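To keep things clear, I will list the structure first and then write my remarks on it.
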Amino acid sequence: MNALFQIIIFPGFLFLFVFGLAAEFLDRKFYARLQNRVGPPWFQPLADFIKLVGKEEVITETADVAVFRVAPLFALATTVTAIFYIPLWHEKALLSFEGDIIVVLYLLTIPSLTYFLGGWYSRSIFSMIGAVRSLTQLFAYEVPLFLSVLAAALLANTWSLSKMTHFYAVHPWLWVCNAIGFLVALIALLGKLEKVPFDIPEAETEMVAGSFTEYGGRLLAFFRMALDIEMVVGASLLAAVFLPWGLGLTFLPGFLLYLLKTVLIIGFISLSRAVFARLRLDQMLGFCWKYLAPLAFLQVLLNLTLKGFLVR
Amino acid sequence: MHDLRDLHDVKVPFGPQHPALKEPESFLISLRGEKITSMSVRLGYNHRGIEKACEERTYVQDVYLLERICGICSHSHSTCFVQAVEEIAGLRVPERALYIRSLIGELERIHSHLLWLGVAGHEVGFDTLLMYAWRDREVVMDILVKLTGNRVNYGINTIGGVRRDITADQIQEVLEAVRALEEKTKYYIQVATEEVTFVKRMSGVGVLLPEDAVRLGAVGPTARASGVDRDIRRDDPYAAYARIPFKVPTSTHNDVYGRAVVRLSELMESYQMIRKILKDLPEGPLTVRAPRKVPAGESLSRYEAPRGEDVHYVKSNGTEKPERVKVRAPTLANIQAVSRMLEDRYLADLPIVIAAIDPCFSCTDRLIGVKQEARRKKDTMSWEEVRVSGIRWYRERGIDFSSLNKELERWLG
Amino acid sequence: MKKTRVGKMAACVLRHVFKKPATTRYPFVKSSSPKAFRGKIVFYPEKCVGCKMCMRDCPSGAIEIAQTGEKQFEATFDLSKCIYCAQCVDSCLKKALEFSGEFELARLDRRQCIVTFRAPHQKTP
């Protein structure tokens with residue numbers, strides 16, 4: 001019974017649904033205010049969602065119906081699953097085992113793959129190019145993201161997120177050492193969430209809507225929901241790995257602190273959306289491999305050295 | 001044997017409807033990976049038969065019709081036409097009217113270039129620049145509506161002069177707006193030349209070498225950014241430009257970055273020119289009486305629109321209506337260069353390169369129709385035939401507009 | 001080329017968060033037009049002499065002047081055809097036409113766009 005409550009209501013689907021919509025609202029409102037606009041009212045994301053869900057489902061003749069339909073659900077399911085392994089306002093996540101970092105990272109990779117599959121099996125030229133772009137981009141940001149999370153895990157000497165946060169709770173201020181990794185992960189997260197300057201796969205002025213060009217109605221609503229939830233989960237992951245402070249609090253202040261951390265990360269995403277132009281795919285790959293990956297390596301080396309001191 | 005290259009190429013229909021394009025036009029591009037291997041342009045989606053319609057209307061009506069060729073450089077088209085008619089009729093337009101025409105022309109250039117800056121930002125995903133540039137464009141739009149009575153399609157020109165005067169209060173207002181805009185523009189110059197992601201998307205993209213610019217007949221800022229120092233305002237002065245000193249900014253970057261720099265420098269130059277115009281504004285009447293019937297003759301008039309050289313040819317036959325009006329909008333001269341600029345470039349560069357010539361496709365879409373009833377070919381149709389065959393085409397595909405029309409009729413009351 | 005920087009607009013956009021937005025919630029907050037704005041045309045039947053210069057000069061054929069009685073004229077405007085150039089106002093020798101600032105003229109039905117001005121003492125049929 002308790003498990004069911006956790007999966008469906010808190011911190012599972014319903015909570016993520018509400019937080020996802022709220023995050024989308026915050027993102028859009030903040031983005032609008034940065035651009036000196038009024039911005040949408042608070043219920044806009046919900047209204048968009050309801051409108052899309054109520055719309056007719058149109059699937060193109062050439063599309064592979066099975067994949068086309070399953071892709072959005074898969075994206076939604078995996079992002080929701082990932083939250084169970086991430087410690088939110090506590091040192092412990094709901095579920096944990098030695099090696100859950102890998103699971104969470106891969107669960108967060110699956111949405112990107114579903115964008116590819118959904119786009120590719122739409123069999124429309126714009127979707128296919130968008131799909132190939134999201135896959136190409138995946139190879140660029142995934143390595144720096146994994147490396148930076150790995151660096152933090154190396155210092156804690158564990159493969160479990162819960163144990164990692166426990167380690168940082170025992171050794172306060174040690175998380176400051178991961179500053180470079182945090183920066184790298186933040187930038188890589190922009191790529192994962194396909195936000196400016198890395199919104200190449202769904203660049204509106206080039207590829208219409210990239211993978212989602214042929215999507216509409218309920219399926220598009222699920223995809224958008226998955227994107228919103230991915231933003232929240234990604235921000236939660238970064239908060240858990242790189243900002244592991246104040247975790248010993250009771251439920252309410254702890255929860256508020258968690259919200260604050262994620263909202264700060266989402267705010268960073270909005271800000272980057274506002275101040276950058278979209279890079280080209282070749283520029284993005286160049287940037288990720290030339291600057292981001294070496295920076296992540298630097299963090300790994302730094303943490304390995306530090307660990308030597310700590311063990312001694 | 002098949003060209004192997006063709007098998008790998010993906011054909012992408014970029015238009016006629018596409019988010020990057022503000023008007024319908026079609027670019028069919030072949031892609032290999034992200035690289036463009038070939039491209040063809042198809043225009044004609046915006047053809048409205050304006051030139052023909054001009055022949056059916058009087059000169060006074062034509063001023064407003066031609067003004068509506070373009071929503072951005074409307075003053076350019078109307079001034080260009082009015083100048084041609086005035087030349088045929090031998091009218092001496094009062095000095096004050098000429099100064100006001102130049103003033104509106106420069107204000108239009110400001111609004112057009114600020115609009116361009118925003119569009120350029122949008123094409124590369126820099127929407128904040130779009131929002132800021134268009135917010136400040138509102139300042140000049142407000143000035144235009146106060147001076148002329150509308151935000152676009154100003155209707156300030158009439159044959160023989162201008163329709164509205166400018167008061168001392170309005171002069172103060174314009175000067176204040178210009179001061180505010182100058183500050184903002186200085187900031188945008190900094191943003192466009194310093195923001196790393198924006199510069200990366202512009203520099204080295206859409207290269208048009210000077211010799212190509214000349215060979216392909218590029219005009220306006222597109223040519224000036226390739227170092228071709230041409231400006232009708234200076235080379236063939238019209239309105240009050242002979243009496244206003246100004247510099248013609250050029251650039252040798254040859255790329256989209258250069259085009260941005262040229263346009264932004266032109267903005268700064270326009271502010272300076274407006275100050276000078278308002279300072280020197282001579283007193284006097286606004287119009288001379290224009291005859292309704294223009295004597296027979298022909299004239300070619302040139303105008304430096306924000307996008308480049310605009311050419312109008314007018315032939316009169318002594319009646320109230322022109323015999324022939326021909327428009328060559330700047331985009332038609334520049335569009336040839338786009339294929340050259342995109343050679344061996346990436347797909348991602350396509351929107352910004354097209355946007356960089358500041359295209360206006362409804363300006364460009366002109367057509368010459370030759371009507372010869374006696375020697376009509378089988379595949380030419382009369383208006384009625386086009387209508388009937390259109391209805392039949394849709395019926396064959398199960399779409400019947402007559403029932404839809406009835407439904408709409410019923411629904412509306 | 002000048003030296004480039006990352007996030008040149010960051011300071012500016014962050015400052016604008018605390019400023020009043022430049023946009024308004026238009027249909028809820030009314031917008032007004034300046035005095036010189038060329039909006040909907042107004043007709044004064046008592047001044048009209050029926051010369052029909054406005055009809056002749058109208059680029060889009062949006063005006064129709066009809067005689068309804070001895071020296072009495074009514075004007076019919078098709079607002080869906082009108083391009084709001086106000087040439088008719090300039091053409092009118094008796095100043096029987098004037099533009100107003102009214103600009104919210106869109107209608108769902110074309111028939112609602114046709115406006116007729118009659119002299120006040122005339123009865124609508």
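Quick caveat, the model's predicted, so the values are computed rather than measured. Protein chains get the first letters and strands the later ones, always in sequence-line order, with residue 1 at the start of each.
Interface remark: A:Asp282 contributes side-chain atoms only to the contact with chain B (heavy atom separation under 4.5 Å). If you measure heavy-atom distances from A:Val132 to chain B, you find no contacts under 4.5 Å at all. Residue contact with chain A, scored on non-hydrogen atoms closer than 4.5 Å, involves the side chain of B:Val205 exclusively.
Scanning residues 26-36 of chain A against chain B with a 4.5 Å heavy-atom cutoff picks out A:Tyr31, A:Leu34, A:Gln35, A:Asn36, ordered by number. Within residues 109-129 of chain A, the residues having any heavy atom under 4.5 Å from a heavy atom of chain B are, by residue number, A:Ile125, A:Phe126, A:Ile129. Interface residues of residues 131-141 of chain B toward chain A, defined by a heavy-atom distance below 4.5 Å and sorted by number: B:Met131, B:Tyr132, B:Arg135. Within residues 48-62 of chain A, no residue has any heavy atom under 4.5 Å from a heavy atom of chain B.
A donor-acceptor pair is defined here as one N or O able to donate and one able to accept, closer than 3.5 Å; such a pair exists between the side chain of B:Arg201 and the backbone of B:Ala348. Without hydrogens or angle criteria, B:Arg263 side chain to B:Ala356 main chain gives a donor-acceptor distance under 3.5 Å. In this structure, the side chain of B:Thr37 engages the main chain of B:Ser30 through a donor-acceptor pair within 3.5 Å. Between the side chain of B:Thr197 and the backbone N or O of A:Ala277 there is at least one donor-acceptor pair closer than 3.5 Å. A:Glu24 contributes no side-chain N or O that, together with a main-chain N or O of A:Pro45, makes up a donor-acceptor pair within less than 3.5 Å. Panel note: side chain B:Ser203, backbone B:Lys200; no donor-acceptor pair is recorded below 3.5 Å. Remark: side-chain polar atoms of B:Arg259 are paired, donor with acceptor, to backbone N or O of B:Gly206 under 3.5 angstrom.
The CG atom of A:Leu147 sits 5.0 Å away from the CZ atom of A:Phe297 when rounded to the nearest 0.5 Å. Rounding to the nearest 0.5 Å places CG of A:Leu292 at 9.0 Å from CG of A:Leu145. Note that the CD1 atom of A:Ile180 and the CG atom of A:Leu298 stand 4.5 Å from one another [nearest 0.5 Å]. Separating the NE2 atom in B:His18 from the CD1 atom in B:Ile354 is a distance of 9.0 Å, to the nearest 0.5 Å. Summarising the geometry, atom CD1 belonging to A:Ile200 is positioned 5.5 Å from atom CE belonging to A:Met284; distances are rounded to the nearest 0.5 Å.
The pair A:Lys192-A:Glu142 meets the salt-bridge criterion, with a side-chain N (NZ, NE, NH1 or NH2) lying under 4.0 Å from an Asp/Glu carboxylate O. Salt bridge annotation for A:Arg280-B:Glu34: absent, with no cationic side-chain nitrogen under 4.0 angstrom from a carboxylate oxygen.
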Is there a side chain to side chain contact (heavy atoms under 4.5 Å, CB included) between B:Ile36 and B:Leu31? Walk through the geometry before answering.
CA-CA 5 Å; B:Ile36 297 171; B:Leu31 274 187; 3.9 Å; yes
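Ring to ring, A:Tyr141 and A:Phe198 are not that close: their centroids are 6.0 angstrom or more apart.
For the pair B:Val152 and B:Ile72, the minimum side-chain heavy-atom distance is 4.5 Å or more. Two residues are said to be in side-chain contact when any heavy atoms from C-beta on lie closer than 4.5 Å; B:Thr185 and B:Tyr271 meet this criterion.
For chain B, the option among A:Arg133, A:Arg273, A:Arg37 with the highest count of heavy-atom pairs below 4.5 Å is A:Arg133.
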